[in-house]
Amino acid sequence: YIIATAGQLAYAVNRINTGTDKSKTFELASDIDWNYQEWTPIGLNDTNNFNGTFNGAGFKIKNINLTRDFTYTAIFGHLNGAKVRNLGVEDMHILKSTGGGNVGGMMGRGAATFENCYIKDIEIVSTITTYITIGMFVSTVRTASSFTNCYVYNGSASAQNGSTIGGLSGGIENPQRSVLNKWCVS
């Protein structure tokens, strides 16, 4: 799938989240301005995860709001061996006011390969009183994953009740698994 508009991106997200195209390859053909509309994560849960390839091709998705309750809250909610590369995310606002789970900028939870990806200007606020895991780039790395040349620039996060907050990652679920981090900063 080649994606050049916000409408095409919304269509692709729906196809992935219904399980129809969760193993396909998607590529941006231009910057996508989400116009501060509500975002739905790509890969909603363990069953409807994303395990394909998403190539930003040097383009970005910008002006994103995410305030609805998802267990895995991020651009990519739950990934299962997906490849994400050459993607920028700019001006993202996440408010977690109900539920629990994992909150991240790029990935909520899972295993993936990220190459040449960044997040610029992200704000994450949790007002819930239960424990959650927050990562500015990824919330929770579940199994073997790699991050190469990825960064977060100008990010802030706040939470209550001893929740975990991390710069690049909020946590690693299976620390005995391999997580490769090369040239990444937050």
Side-chain angles (χ1 to χ4, degrees), residues 1-3 8-9 12-13 15-32 39-62 64 66 70-90 92 94 101-120 122 124 133-153 155 164 166-186:
Y1 286 92
I2 301 298
I3 300 169
Q8 291 172 339
L9 180 56
V13 170
R15 300 278 298 177
I16 293 166
N17 289 344
T18 59
T20 306
D21 291 330
K22 70 181 193 174
S23 300
K24 301 283 185 181
T25 296
F26 299 86
E27 183 173 317
L28 293 184
S30 66
D31 289 338
I32 304 293
W39 179 261
T40 299
I42 298 170
L44 289 176
N45 52 44
D46 295 338
T47 303
N48 291 320
N49 56 58
F50 178 57
N51 57 21
T53 298
F54 196 99
N55 183 1
F59 295 108
K60 64 185 172 252
I61 304 169
K62 63 182 183 176
I64 298 160
L66 215 167
F70 296 99
T71 302
Y72 309 120
T73 303
I75 293 295
F76 297 92
H78 192 277
L79 299 179
N80 186 16
K83 293 174 183 65
V84 181
R85 59 180 167 272
N86 308 314
L87 177 64
V89 174
E90 295 187 7
M92 183 175 189
I94 300 173
N102 303 78
V103 180
M106 198 68 78
M107 178 177 79
R109 179 175 179 256
T113 298
F114 286 93
E115 298 172 353
N116 304 315
C117 296
Y118 73 89
I119 297 177
K120 181 182 174 194
I122 180 173
I124 301 173
T133 303
I134 297 173
M136 300 303 287
F137 195 82
V138 299
S139 173
T140 303
V141 178
R142 186 170 158 221
T143 57
S145 295
S146 68
F147 303 89
T148 304
N149 196 31
C150 298
Y151 68 91
V152 176
Y153 177 77
T164 301
L168 191 62
S169 175
I172 299 172
E173 196 171 288
N174 295 314
Q176 71 275 15
R177 301 291 180 127
S178 171
V179 177
L180 176 64
N181 178 351
K182 292 175 26 177
W183 305 299
C184 296
V185 294
S186 174

Approximate separation, where rounding is to 0.5 Å, of Lys62 NZ and Lys120 NZ: 10.5 Å
Would you check if the side chain of Ser145 reaches a backbone N or O of Ala112 as a donor-acceptor pair within less than 3.5 Å? yes
Reported CG-to-CG distance for the pair Asn55 and Leu87, which is rounded to 0.5 angstrom: 8.5 Å
Donor-acceptor pair, Lys24 side chain versus Ala12 backbone, under 3.5 Å? no
Would you indicate whether the side-chain heavy atoms of Ile32 and Lys60 approach each other to under 4.5 Å? no
Any Tyr72 side-chain heavy atom under 4.5 Å of Leu44 side chain: no
Looking at every non-hydrogen atom in both residues, tell me the closest pair between Gly108 and Ala74 and how far apart they are. N-CB, 3.3 Å
Find out whether Ile75 and Trp39 are in side-chain contact, i.e. whether some heavy atom of one side chain is under 4.5 Å from a heavy atom of the other. yes
To the nearest 0.5 Å, tell me how far Asp31 CG sits from Phe59 CZ. 6.5 Å
Ser30 side, atom OG; Gln8 side, atom CD - distance, nearest 0.5 Å: 8.0 Å
On the 0 to 90° scale, with breaks at 30° and 60°, tag the Phe26-Tyr1 ring pair as parallel, tilted or perpendicular. parallel
Compare all side-chain heavy atoms of Val103 with those of Ile94 and state whether any distance is below 4.5 angstrom. yes
Taking all atoms of both residues into account, what is the closest heavy-atom pair of Thr113 and Glu115, and its distance? CG2-OE2, 3.9 Å
Whether Asn17 side chain and Pro41 backbone form a donor-acceptor pair below 3.5 Å: yes
Donor-acceptor pairs under 3.5 angstrom involving side-chain atoms of residues 76-83: please list them, not counting sequence neighbours.
| residue | atom | partner | partner atom | Å |
| --- | --- | --- | --- | --- |
| His78 | NE2 | Asp46 | OD1 | 3.0 |
| His78 | NE2 | Arg109 | NH1 | 3.4 |

Please examine the side chains of Phe54 and Leu28, heavy atoms only from C-beta on, and report whether any two atoms are closer than 4.5 Å. yes
Gap separating the CD1 atom of Ile124 from the OG1 atom of Thr73, nearest 0.5 angstrom: 9.5 Å
Check whether any side-chain heavy atom of Cys150 sits under 4.5 Å from a side-chain heavy atom of Phe137, and report yes or no. yes
Could you state the interatomic distance from CG (Asn102) to CD1 (Ile134), rounded to the nearest 0.5 Å? 10.0 Å
Within the 4.5 Å heavy-atom criterion, are Lys22 and Asn49 side-chain neighbours or not? yes
Could you tell me whether the side chain of Arg85 reaches within less than 4.5 Å of the side chain of Asn116, counting heavy atoms only? no
For the pair Asn45 (side chain) and Asn48 (backbone), establish whether a donor and an acceptor sit closer than 3.5 Å, ignoring hydrogens and angles. yes
